[in-house]
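Okay, structure first, notes after.
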There are 2 protein chains.
Amino acid sequence: MAGRGAERGTVDRILDTAEVLFAQKGFAETSLRAITSKAGVNLAAVNYHFGSKEALIQAVFERFLDPFCARLDGLLTELETNSGSVTLERLLATLSQSALAVQKGEPHRVAIFFRLSGLAYSQAQGHLRRFFREHYGEVFRRFLEQLALAVPEVPPMEMFWRVHFALGATIFTLSGMDPLRAICRSDFAVEVLPQQVEERLLAFLAGGIRAQLPAS
Amino acid sequence: MAGRGAERGTVDRILDTAEVLFAQKGFAETSLRAITSKAGVNLAAVNYHFGSKEALIQAVFERFLDPFCARLDGLLTELETNSGSVTLERLLATLSQSALAVQKGEPHRVAIFFRLSGLAYSQAQGHLRRFFREHYGEVFRRFLEQLALAVPEVPPMEMFWRVHFALGATIFTLSGMDPLRAICRSDFAVEVLPQQVEERLLAFLAGGIRAQLPAS
DNA sequence: ATGCGTTTCAAACGTTTGTTTGGGAGGCGC
DNA sequence: GCGCCTCCCAAACAAACGTTTGAAACGCAT
């Protein structure tokens, strides 16, 4: 099967390496040879265990998204039972909690994952977009439902757009988290922790979602 | 030289085609053969006129960014002379005006360009990022200066992050403008014009930038 | 020990990639 | 006419790609 106890199995070594390399250089720019040689496994191992490069890419996302969505799903049902009192800030915090809880111990992998998400959104218009919609569309829909309850003054279609604005700010920022922190270090001589970035981001998102409606 | 009057020259045909194909599929996923065959020019024309594929990519950006930054530069000096009364909304509107004015007659190319920007930010960590910083860093810095004057209640470092949040929301949304409008059409049975998206986006950004500061 | 299913491996496969080559049009000065 | 420069073209180039192959190595029942 896998996992001989001490050292990790071939499948996990491939996933770990692919995750990092994809995030660094993109999907098309990362060759299977680069992955397998850095992971210390044979080139043919990818096609043997995953079937194809496309399947490997999906497996990388699945390994993060499955537990994330399960966690988010649980937290959402919790919120739904204590209905009425869900605030916007609480909802946004639920999201980031789900992401952080899944990656407990390796918070830097959250940045890697968002970087991958940004890539996925830009590139590979076809198979990845379908994959996301089919596997995780339901949880997303439930989240939107709660959002509408929390901020009733924003009409549905306006909220649709604002959610995507917020999604963009999140993915874009967390994609480039490390370079941005480096700029912050050199320009302001201040070390900013990822958690502080998260706080700032959530404040920005809340402000944007609750912004005054445009005259139309 | 170029331009025999009636039909466009080889260089422009390559740029026009590359722009569209890059936006559709990404840089690495678009081969020179795909570009040249669709443009109706010889394969070797790219290396002859531009030198390499990397140089072609930069040329595509240059063709849009040079006039855009020139326009923005002019509008900024206008604002600087009538100092004191620059509002945040006015500054944001200046940005989108610059983008639209440059592409007068072909507003859909603005979406293409933002899609390219999103790709550039995700992929190609090296040469494109340097290219942007070296060529257009100065105008960006001046814009930040005006922004600090318009919203003095937000401290510099906080503003630094919020600008990037806003940048992310913009690039991400305009990258996927057409698919998002399609979803809007099917889910809400409403046709949304790009200009309306811009209005909504600007409202969101203004709200986010002026958001209450997080407790820190 | 024997047999079987799983996993690993080096090597090769056929494509596709970006780039280079050498020659041939076409225009222009002289 | 000739020489020169710019541009275009079909063809070939070497390299890198994802994938496939067939055999060797392993673990583990019987």
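Lettering follows sequence order; numbering is per chain, from 1.
- Put simply, CZ on A/Arg33 is 13 Å from P on C/dA10, counting in whole angstrom units.
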Item to complete: Check the pair A/Phe172 / B/Phe172 against ring-ring contact (aromatic ring centres under 6.0 Å, His included), numbers first and verdict last.
Response: CA-CA 7 Å; A/Phe172 186 85; B/Phe172 187 85; 9.0 Å; no
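- Side chain of A/Leu32, nearest nucleotide from C/dG18, C/dT8, D/dT19: D/dT19.
- The nearest whole Å value for the distance from the CD1 atom in B/Ile14 to the P atom in D/dC7 is 12 Å.
- Contact annotation: B/His49 side-chain N/O to D/dC8 OP1/OP2 distance is under 4.0 Å.
- Look at CG on A/Asn42: it is 11 Å from P on C/dA11, rounded to the nearest Å.
- A close approach under 4.0 Å does not occur between any side-chain nitrogen or oxygen of A/Ser31 and OP1 or OP2 of D/dA16.
- Under the ring pair (Phe, Tyr, Trp, His ring centres under 6.0 Å) rule, A/Phe64 has a single partner from A/Phe114, A/Phe113, A/Tyr136, which is A/Phe113.
- For A/Leu43, whose side chain is taken as the heavy atoms from C-beta onward, the closest listed nucleotide among C/dA11, D/dC8, C/dT19 is C/dA11.
- Look at CG on B/Asn47: it is 15 Å from P on D/dC7, rounded to the nearest Å.
- Taking atom CD of B/Glu54 as the reference point, atom P of C/dG18 lies 12 Å away to the nearest angstrom.
- Distances shown here put every side-chain N or O of A/Ser52 at or beyond 4.0 Å from the OP1 or OP2 atom of D/dG18.
- The CD atom of A/Glu29 sits 12 Å away from the P atom of C/dG18 (whole-angstrom rounding).
- For A/Leu56 and D/dT19, the CG to P distance is 10 Å, given to the nearest whole Å.
- Between A/Phe131 and A/His135, the two ring planes are tilted [angle within 30° to 60°].
- Rounding to whole angstrom units, CZ of residue B/Arg13 and P of D/dC7 are separated by 14 Å.
- As judged by a 4.0 angstrom heavy-atom cut-off over every strand, B/Thr36 is placed among residues making no nucleic acid contact.
- Of all nucleotides listed (D/dT6, D/dA10, C/dG18), D/dT6 comes nearest to the side chain of B/Tyr48.
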Practice prompt. Begin with the C-alpha distance, continue with both residues' side-chain angles, and end with the deciding distance and a verdict on ring-ring contact (aromatic ring centres under 6.0 Å, His included) for B/Phe61 and B/Phe132.
Written response: CA-CA 9 Å; B/Phe61 278 98; B/Phe132 285 153; 5.2 Å; yes
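- No option in B/Leu174, B/Leu167, B/Thr173 other than B/Leu174 meets the side chain to side chain contact (heavy atoms under 4.5 Å, CB included) test with B/Thr170.
- Picking from D/dA10, C/dT19, D/dT20 the nucleotide with the shortest atom distance to the side chain of A/Ala44 gives D/dT20.
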